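First the structure, in the form of structure tokens, and then the observations on it.
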There are 2 protein chains.
Amino acid sequence: MPTTVTTVNVNGLRAAARKGFTAWLEGTAADIVCLQEVRAEPDRLPAEVREPEGWHTVHAPAAAKGRAGVALYTRQAPEAMRVGWGSDEFDASGRYVEADLPGLTVASLYLPSGEVGTERQSEKERFCKEFFLYLVQLRQRCAAQGREAVVCGDWNIAHREADLKNWRANTRNSGFLPEERAWLSSVFDEAGYVDVVRGLHPEGPGPYSWWSYRGKAFDNDSGWRIDYQVSTPALAARATSAVVERAATYDLRWSDHAPVTVTYDV
Amino acid sequence: MPTTVTTVNVNGLRAAARKGFTAWLEGTAADIVCLQEVRAEPDRLPAEVREPEGWHTVHAPAAAKGRAGVALYTRQAPEAMRVGWGSDEFDASGRYVEADLPGLTVASLYLPSGEVGTERQSEKERFCKEFFLYLVQLRQRCAAQGREAVVCGDWNIAHREADLKNWRANTRNSGFLPEERAWLSSVFDEAGYVDVVRGLHPEGPGPYSWWSYRGKAFDNDSGWRIDYQVSTPALAARATSAVVERAATYDLRWSDHAPVTVTYDV
DNA sequence: CGTCAAAAG
DNA sequence: CTTTAGACG
């Protein structure tokens, strides 16, 4: 029985809904949708966006209004859900929510974006450090429960040179720093997770999932692959297809990110 | 030789230009256009809006970015122009500019909007007090120079019951306070100016020139007549037509105010 | 370049 | 309800 999972950074769910997210959701075949950068308290979302007909939704807004915010939309009712991972600093930041479905834990992650030389980069580093420890715990817990896990979201790090158009120009920019790339490698090599999309598409460049709104980044396909489905190995082995739903034209976009959709044969 | 003068509060010239002001300006027969609430420094306006082909423009932005701002667009080059009237408090507030054309001084005025019980109402009162003294001076100067004068703009006061849809509900609201109405009467009765549009349309209600964006004010024609052409008597006597260019539908509006256009046979 | 909150109207 | 500046990304 196939299960399809989509992750997408909506860059403001209210704006995205006006521009096409609602139509996209109505048309999608996904069973699970992971959202990042909702940027609204649930009360401030139209009801048909907050809890659309046919979906169960879990919202984890940030304490700061208009910032971050993640959500999970599932066709099946979750057995359990958890906001954050027990972090004093990050649990109220609207950056992590997970839900248990039969045999599967699915998470929506919005890893902080950084800026070299600023406090935002330090925050990103602190987040990564804490979150790595949690990823190890998550794997152990899922193994003990006979569950698979997939952590979907905007990780704000391109892993390898094939994961962004202009890697040379970005070796000193947040999102492609050597230490960030090494951290992401440790998620795969030490914590034992798998980059599902790269597994199905071993050849780069791309597929990119984010194009800056600045300049002509979208038209030039000057993108980054920073949205991942990071899963337990057994689940990754059951992935049968992966696509990035890049909009046909600039004007048809409803976010600066595109949905990343994977079908798992589980 | 007829001269047509339009005054309109554009509620943000950048937004208005996107929504239809540019097309309106290209189609207008006016010789002189007085703008209020430009809400942009000239540098931040597209060149074709800041100084359109065929027009001479005078911009008087507010010191505070994004606030107030008046301008005059004339097909003929002005002989002189003056920003403010020599007021310590108001000259840099982007609320008054005047220009001399042959035989005529034309001004664009954006009188402060108030709110009862707040500092904004006190500011409006101070403005009115100072500006009345200037209006008297202006008349004397124009008389001495053999010039007519017309002060066009958003006066933010409805003069009489016929000048707003729901006058009873507004007797305690800024814009229709007894003292504001009395002040405007003094502009006519003591300073000796004439309300040109009311002269040509003695019967109310209306014509209204502003409808709040809130609620269904436009659809219900729940408007106010707060945009005036206030002229010297001899000029008013030469006015041959006056129209408020109310948009046909809500969606065709490019401001919450409508252009008020008068043709003078001078 | 685009989203959002807040202040202003 | 709409515009704008400013913060953030």
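Keep in mind that the numbers below use all heavy atoms, side chains included, and drop hydrogens, waters and symmetry copies. Because the structure is predicted, anything quoted here is derived from the model rather than measured. All chains are named by letter (A, B, ...) in the order of the sequence lines, taking the proteins before the strands, and each is independently numbered beginning at 1.
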inquiry  = Side chains of B/Lys124 and B/Glu115, heavy atoms from C-beta outward: is any pair under 4.5 Å?
reply    = no
query = Hey, does the side-chain of A/Arg67 have a donor or acceptor N/O within less than 3.5 Å of a partner on the base of D/dG9?
reply = no
key: Rounded distance [0.5 Å steps], CZ in B/Phe176 versus CG in B/Asn156   = 14.0 Å
message = With nearest nucleotide decided by heavy atoms, which residue, A/Val10 or B/Asn156, maps closer to the 5′ end of DNA chain C?
response = A/Val10
message = From CD of B/Gln121 over to P of C/dA8, roughly how many Å is that when rounded to an integer?
response = 15 Å
query = Does B/Phe218 have B/Arg253 sitting over its ring (NZ/CZ under 6.0 Å from centre, angle to axis within 45°)?
reply = yes
request  = Check whether more than 12 heavy atoms from other residues, nucleotides or ligands sit under 6.0 Å from atom CG of B/Asp219, and answer yes or no.
outcome  = yes
ask   = At under 4.0 Å between heavy atoms, what does B/Lys19 touch on the DNA or RNA strands: base, sugar-phosphate, or nothing?
value = sugar-phosphate
request  = Whole angstrom is fine here: how far is it from CH2 in B/Trp210 over to C1' in C/dA8?
outcome  = 13 Å
inquiry  = Closest approach to the side chain of A/Tyr250, judged atom by atom: which nucleotide of C/dC1, D/dT3, C/dG9 is it?
reply    = C/dC1
task = Starting at atom CD of B/Gln36, determine the distance to atom P of D/dT3, rounded to an integer number of angstrom.
result = 17 Å
query = Checking only heavy atoms, does the side chain of B/Arg39 share a donor-acceptor pair with the base of D/dT4 at less than 3.5 Å?
reply = no
ask   = So, is B/Lys216 close to the D/dC1 phosphate, meaning a side-chain N or O under 4.0 Å from OP1 or OP2?
value = no
query = Would you say a side-chain N or O of A/Arg14 is under 4.0 Å from OP1 or OP2 of C/dG2?
reply = no
note = note: B/Tyr213, atom OH; D/dT4, atom C1'; distance rounded to Å ~ 13 Å
ask   = If you measure only the distance, is there a donor-acceptor pair under 3.5 Å linking the side chains of B/Tyr134 and B/Glu98?
value = yes
query = Is any side-chain nitrogen or oxygen of A/Tyr110 closer than 4.0 Å to OP1 or OP2 of D/dG9?
reply = no
task = Write down the distance between CH2 (B/Trp224) and P (C/dG9), rounded to a whole number of angstrom.
result = 15 Å
request  = Mind checking A/Phe218 for me? I need base, sugar-phosphate or nothing, with any heavy atom below 4.0 Å counting as a touch.
outcome  = nothing
query = A/Asp154 has an atom CG; how far is it from atom P of D/dC8, in whole Å?
reply = 18 Å
key: Side-chain donor/acceptor contact of A/Arg253 with base of C/dG2 under 3.5 Å   = no
query = How many Å lie between CD on B/Glu115 and P on C/dG9, as a whole number?
reply = 9 Å
task = Identify which nucleotide among D/dA5, C/dG9, C/dC1 has an atom closest to any side-chain atom of B/Arg95, counting heavy atoms from C-beta outward.
result = C/dG9
Side chain of A/Arg120 (C-beta onward), nearest among C/dT3, D/dG9, C/dA5 = D/dG9
request  = Taking all non-hydrogen atoms of both residues into account, name the closest pair between B/Lys129 and B/Trp183 and its distance.
outcome  = N-NE1, 4.3 Å
ask   = Picking from C/dG9, D/dT3, C/dT3, which would you name as closest to the side chain of A/Ala15?
value = C/dT3
key: Closest to side chain of B/Lys65, choosing from D/dT4, D/dG6, C/dA6   = D/dG6
task = Let me know the distance between CZ of B/Phe21 and P of D/dT3, rounded to the nearest Å.
result = 15 Å
